[in-house]
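Data first, discussion second: the structure below is written as structure tokens.
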Amino acid sequence: MTAKVISVCNLKGGVGKTTIVMALSEYLAGDTMYGQRVLAIDLDPQCNLTTALMSEQVWEWQYNYRGLTLPFLFKNADHFLANGNYQKFIVKEEVSNVRNKNSFNCLHLIPSSSKLFELQEDFPETSVAILRQLINPLLTEYDYILIDCPPSINNIIKSAFYASDFCIIPCVPSRMSIHGLELLLKQIEKFNQDYQHDLNPIGTLISRYNGTVSQTQNLNFTAVSEVMRYS
């Protein structure tokens, strides 16, 4: 079986992307739930998914200090693609938001670091396919690969788009978030045309809903906007 690769993305921050990746990863991998083989990839230089799913001390000394994080993998992609030796970048033990109380069939993580801030500034458009090339050998080892994307559009994000079959777009019921959703959908459409790709948005996931009149009105606005978009 080949893994389904799903990016979780939005141009607006604070909409729950990392929380959704974390919860979905644990839900899919949980022995009492679906028992799937899941790899989570932290593509955000803020590293929130990394610090949520693994011990910061383990991250610091066993991965960041030794250069075993996603930015280093990106910078040395040619070497690792040629040698196929990037299993050591994958955290395979005690990956969970619930420390010492986890029960997962297979929940693994490729951690990030703040060095991704520097890398994304100079990441060339010709390197958009790198992430896809890196995870291709892993597709038969997992059922799902989930990518936590930062709230921006650059070539690093495009590498996630190019590696993914689907995307989930978290959205809070606010006008600013909704406008970000509309812009992202246009960017995905343009990306698919430019790169002859078929990234499929499988849905908008509403987060931080509290049932206020304002949020309900904004949800109605979202529904009407989507109907008009596809009518």
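None of these values were measured; they are calculated from a predicted model. All residue numbers in this chain count up from 1 along the given sequence.
- Comment: K4 does not engage D165 in a salt bridge, judged by the lack of any side-chain N to carboxylate O separation of less than 4.0 angstrom.
- For the side chain to side chain donor-acceptor pair (under 3.5 Å) test with T18, the passing option among D148, N48, D42 is D148; the others fail.
- No hydrogens or angles considered: a donor-acceptor pair under 3.5 Å links the side chains of S96 and E26.
- Residues V91 and H108 have side chains not in contact (no heavy-atom distance under 4.5 Å, counting atoms from C-beta outward).
- What you find for L28 and Y34 is that their closest heavy atoms are O-CB, 3.4 Å.
- F117 and L70 fall into different hydrophobic clusters, defined by Ile, Leu, Val, Met, Phe, Trp and Tyr side-chain heavy atoms under 4.5 Å apart, directly or through other members.
- Between L184 and I153 there is a side-chain heavy-atom pair separated by less than 4.5 Å.
- The main-chain N or O of F161 is found under 3.5 Å from a side-chain atom of H197 such that the two form a donor-acceptor pair.
- Within the 4.5 Å cutoff, side-chain heavy atoms of Q87 are placed close to those of K92.
- In this structure, the side chains of C149 and I147 come closer than 4.5 Å at one or more pairs of heavy atoms.
- Ring geometry, F89 versus F72: the interplanar angle falls under 30°, so the pair is classed parallel (tilted spans 30 to 60°).
- Atom CG of L11 is separated from atom CG of L185 by 9.5 Å, given to the nearest 0.5 angstrom.
- Looking at I90 and Y63, their side chains never come closer than 4.5 Å, going by heavy atoms from C-beta outward.
- Counting only N and O atoms by type, the side chains of Y162 and Q133 include no donor and acceptor under 3.5 Å apart.
- Checking L119, D122, V128 one by one against N155, the side chain to side chain contact (heavy atoms under 4.5 Å, CB included) holds for a single residue, V128.
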Residue pair W61, Y65: steps toward the ring-ring contact (aromatic ring centres under 6.0 Å, His included) verdict: CA-CA 5 Å; W61 295 109; Y65 181 75; 5.5 Å; yes
Report the C-alpha separation of Y27 and Q36 in whole Å, then their side-chain angles, then the decisive distance to 0.1 Å, and conclude whether the side-chain hydrogen bond (donor to acceptor under 3.5 Å, both in side chains) test is met. CA-CA 9 Å; Y27 187 79; Q36 300 292 291; over 6 Å; no
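- Looking at heavy atoms from C-beta onward, I156 lies in side-chain contact with L116 at the 4.5 angstrom threshold.
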